[in-house]
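We name chains A, B, ... by the order of the sequence lines, and we start the count at 1 in each one.
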Amino acid sequence: MFALVDCNNFYASCERVFRPELEGRPVVVLSNNDGCIIARSNEAKALGLKMGEPYFQVKELLRQHDVAVCSSNYELYGDMSRRVMWYLGQVAPELEVYSIDEAFLNLSGMTRYLGDLTEYGARVRADVLQRTGIPVCVGMAPTKTLAKLANRVAKANSKVAMSTLAGSGVLCLDTDDKRQEALARVGVEDVWGVGHQYAAKLYAAGYRTAADLAACPLPWARKNLGGVVGMRLVRELQGYPCLSMEPSEDGGQARKSIACTRSFGKPVTEFEDVMGAVATFVSRAAEKLRRQGSAARVLTVFVSTNRYGNEPPPYTRSALVTLPVASDDTLELAAQARHLLGKVWRPGTLYKKAGVMLDGLERAGQQQLGLFEQPAAVSVSGKRAELMGTLDALNRRFGKGTVIIGSASVRKGAGADWAMNREQKSPAYTTSWGELWRINL
DNA sequence: TCTGGGGTCCTAGGACCC
DNA sequence: TCTGGGGTCCTAGGACCC
């Protein structure tokens with residue numbers, strides 16, 4: 001048995017924890033750069049606001065309905081997430097943190113100990129709310145895909161009562177009847193693993209609900225839904241587990257690639273300004289790399305212009321380098337990045353976005369050496385590792401950006417055009433001494 | 001004027017091996 | 001008309017997720 005615990009409207013809920021006056025009022029949270037709507041409270045959903053909708057297109061509507069608008073505050077959401085996940089780690093033998101706002105629990109072999117699973121789910125739900133202020137829904141089923149589906153039904157269910165399925169944000173699909181009823185209620189496009197493309201194919205072939213998909217012949221699934229992925233999907237809906245737990249290690253899971261990319265607040269045209277952004281992104285990515293104890297073999301840099309509208313035609317270029325020996329050294333990576341940026345650079349272009357990606361990650365300190373690597377390079381990297389450790393320690397202790405590399409510094413004048421717009425960011429209530437919650441008595 | 005960011009897995013096809 | 005069989009590794013691109 002798997003449980004999927006998913007936070008309701010997570011970012012909006014985080015904002016509400018520290019601003020209780022927003023309770024009952026529609027709330028939306030915007031993406032970086034105040035670009036799109038990426039989280040909505042139930043009241044905001046009821047207004048017809050959609051996920052991913054560009055902010056500027058609905059600004060007036062938001063004003064008319066007195067919607068509270070928040071810029072995204074990932075420091076806050078990340079910290080709230082840690083609190084929720086810590087608790088979930090206490091109530092099940094195995095935890096997989098699937099995303100910032102949801103986690104799978106493995107309840108195999110626990111059902112006897114846990115007793116009635118619906119009661120267990122209700123207890124988890126109540127405890128998370130009490131301890132963190134975050135409302136969650138709990139779906140339980142014999143497979144991960146069904147647990148996701150149960151969660152989805154449970155969420156809808158907390159508003160509309162169902163005939164035989166229990167309400168109140170918790171749903172356990174432990175009998176075939178319940179599974180069938182839940183499958184019949186979910187549109188095929190809402191099944192985990194079915195995106196735009198597959199949904200269109202499925203509709204064209206006459207599949208409308210999750211129940212239809214569960215009855216789909218496996219060869220058809222294999223041919224039309226991405227091969228083995230589609231077959232697993234169908235089998236999971238039938239109740240045969242094909243996806244196992246991928247338990248999260250303490251201190252977060254080791255990623256297989258790390259990226260840092262941003263749209264700019266305003267278009268940027270000068271090489272050194274874009275380089276400032278790229279160097280900043282490299283620094284952040286390398287810091288993440290070191291935090292998880294990895295080193296990267298492949299570094300990619302990309303730049304692009306505005307992808308909307310049609311004049312001038314959009315320009316996107318990327319370049320990558322495979323290093324002779326995987327590195328976690330900001331200075332080395334930044335020097336490579338400068339070179340790569342030079343390769344993709346086109347003068348007189350209005351750049352709107354840039355990013356860096358690190359791939360081919362290896363365990364730091366155990367990198368594969370090149371055949372012709374000189375011993376000198378290794379001893380230099382020893383000193384550099386010490387330098388990086390000091391850099392990270394200073395930034396941890398005195399705050400982000402206390403010590404940066406020279407190329408990441410901002411040029412006087414228009415140099416900070418690439419910085420994000422975040423006009424309505426809430427304070428980092430839980431992670432910055434200077435921004436603690438103030439209570440006026 | 002204004003349209004996010006960060007991931008994973010899988011497949012197909014080419015180059016290469018014996 | 002006939003022209004082997006069985007692999008590996010790598011990359012690009014597509015699909016999905018939140």
**Student:** Under 4.0 angstrom, heavy atoms only, what part of the nucleic acid is A/Lys201 near: base, sugar-phosphate, or nothing?
**Tutor:**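 Nothing, no heavy atom under 4.0 Å.
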**Student:** Toward the 5' end of DNA chain B, which comes first, A/Ile38 or A/Val229, by nearest nucleotide?
**Tutor:** A/Ile38
**Student:** May I ask you to say what A/Asn32 touches in the nucleic acid, namely base, sugar-phosphate or nothing, with a heavy-atom cut-off under 4.0 Å?
**Tutor:** sugar-phosphate
**Student:** So, using ring-ring contact (aromatic ring centres under 6.0 Å, His included) as the criterion, who are the partners of A/Phe281 when residues are at least two apart?
**Tutor:** A/Trp418
**Student:** Distance check, rounded to the nearest 0.5 Å: A/Met140 atom CE versus A/Leu4 atom CG?
**Tutor:**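 Answer for the CE-CG pair, A/Met140 versus A/Leu4, is 10.5 Å.
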**Student:** Select base, sugar-phosphate, or nothing to describe what A/Lys59 touches, counting heavy atoms under 4.0 Å on all strands.
**Tutor:**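 No contact.
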**Student:** So if I take residues 67-75 of chain A and measure heavy-atom distances to DNA chain B, which residues fall below 4.0 Å?
**Tutor:** none
**Student:** Counting only non-hydrogen atoms, which of residues 257-268 of chain A are less than 4.0 Å from DNA chain B?
**Tutor:**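 A/Ser257, A/Ile258, A/Ala259, A/Cys260, A/Thr261, A/Arg262, A/Ser263 - these, ordered by number, are the residues of the stretch whose heavy atoms sit under 4.0 Å from the strand.
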**Student:** So A/Val29, base contact, sugar-phosphate only, or nothing? Heavy-atom distance under 4.0 Å.
**Tutor:** nothing
**Student:** Categorize A/Arg284 for me: base, sugar-phosphate, or nothing, with a 4.0 angstrom heavy-atom threshold over every strand shown.
**Tutor:** nothing
**Student:** Between A/Lys288 and A/Ile258 (side chain of the first, backbone of the second, donor and acceptor by atom type, cut-off under 3.5 Å), is there such a pair?
**Tutor:** no
**Student:** Donor-acceptor check, side chain of A/Asn33 to backbone of A/Phe264, threshold 3.5 angstrom: yes or no?
**Tutor:**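 A pair under 3.5 Å: yes.
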**Student:** Between A/Glu96 and A/Ser248, is there a side-chain donor-acceptor contact under 3.5 Å, judged purely by atom types and distance?
**Tutor:** no
**Student:** Could you give the start and end, 5' to 3', of the contact zone on DNA chain B for chain A, using atoms under 4.0 Å from its heavy atoms?
**Tutor:** B/dC2 to B/dT11
**Student:** When you measure from the side chain of A/Gln292 to the backbone N and O of A/Arg255, does any donor-acceptor pair fall under 3.5 Å?
**Tutor:**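 Indeed, once roles are kept as given, a pair shorter than 3.5 Å links the two residues.
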**Student:** Between A/Asp392, A/Asp328, A/Asp329, which is the residue that forms a salt bridge (charged side-chain N to carboxylate O under 4.0 Å, His left out) with A/Arg290?
**Tutor:** A/Asp392
**Student:** Look at the side chain of A/Thr280 and the backbone N and O of A/Gly276, then say whether any donor-acceptor pair between them is shorter than 3.5 Å.
**Tutor:** yes
**Student:** As an exercise, state the distance from CD of A/Glu236 to SG of A/Cys242, rounded to the nearest 0.5 Å.
**Tutor:**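 With rounding to 0.5 Å, CD (A/Glu236) is 5.0 Å from SG (A/Cys242).
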**Student:** With a distance cut-off below 6.0 Å to the six-membered ring centre and an angular limit of 45° from the axis, does A/Lys144 pair with A/Phe104 as a cation-pi contact?
**Tutor:** yes
**Student:** For DNA chain B, list all stems, counting runs of three or more consecutive pairs where every pair is Watson-Crick or G-U wobble with both distances under 3.5 Å.
**Tutor:** B:5-18 with C:5-18
**Student:** Does any N or O in the side chain of A/Ser71 come within less than 3.5 Å of the main-chain N or O of A/Gln424, such that one atom is a donor and the other an acceptor?
**Tutor:**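 A pair under 3.5 Å: yes.
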**Student:** Could you check whether A/Asp101 gets within reach of a base, just the sugar-phosphate, or nothing at all, counting any heavy atom under 4.0 Å?
**Tutor:**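 Here A/Asp101 touches the backbone only, sparing every base.
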**Student:** Nearest 0.5 Å, what's the NE2-CD distance between A/His65 and A/Glu43?
**Tutor:** 12.5 Å
**Student:** Quick check: does any side chain N or O of A/Asn395 sit under 3.5 Å from a backbone N or O of A/Thr402, one acting as donor and the other as acceptor?
**Tutor:**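 Checking the backbone N and O of A/Thr402 against the side chain of A/Asn395, a donor-acceptor pair under 3.5 Å is found.
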**Student:** What residues in residues 298-308 of chain A put a non-hydrogen atom under 4.0 Å from any atom of DNA chain C?
**Tutor:** none
**Student:** Please report the interatomic distance CD(A/Glu94) to CD(A/Glu246), rounded to the nearest 0.5 Å.
**Tutor:**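 Between A/Glu94 CD and A/Glu246 CD, I get 10.5 Å after rounding to 0.5 Å.
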**Student:** Remember a base hit wins even if backbone is also touched, and classify A/Tyr55 as base, sugar-phosphate or nothing at under 4.0 Å, heavy atoms.
**Tutor:** nothing
**Student:** Look only at the side chain of A/Arg297 and the backbone of A/Glu362, and say whether a donor-acceptor pair between them is shorter than 3.5 Å.
**Tutor:** no
**Student:** Would you classify A/Glu102 as touching base, sugar-phosphate or nothing, given that sugar-phosphate means primed atoms plus P, OP1 and OP2, and contacts are heavy atoms under 4.0 Å?
**Tutor:** sugar-phosphate
**Student:** Apply side chain to side chain contact (heavy atoms under 4.5 Å, CB included) to residues A/Val282 and A/Val278 and explain how you reach the verdict.
**Tutor:** CA-CA 6 Å; A/Val282 167; A/Val278 167; 4.3 Å; yes
**Student:** Closest-nucleotide mapping onto DNA chain B: is A/Glu246 or A/Gly52 further toward the 5' terminus? I mean the 5' end.
**Tutor:** A/Gly52
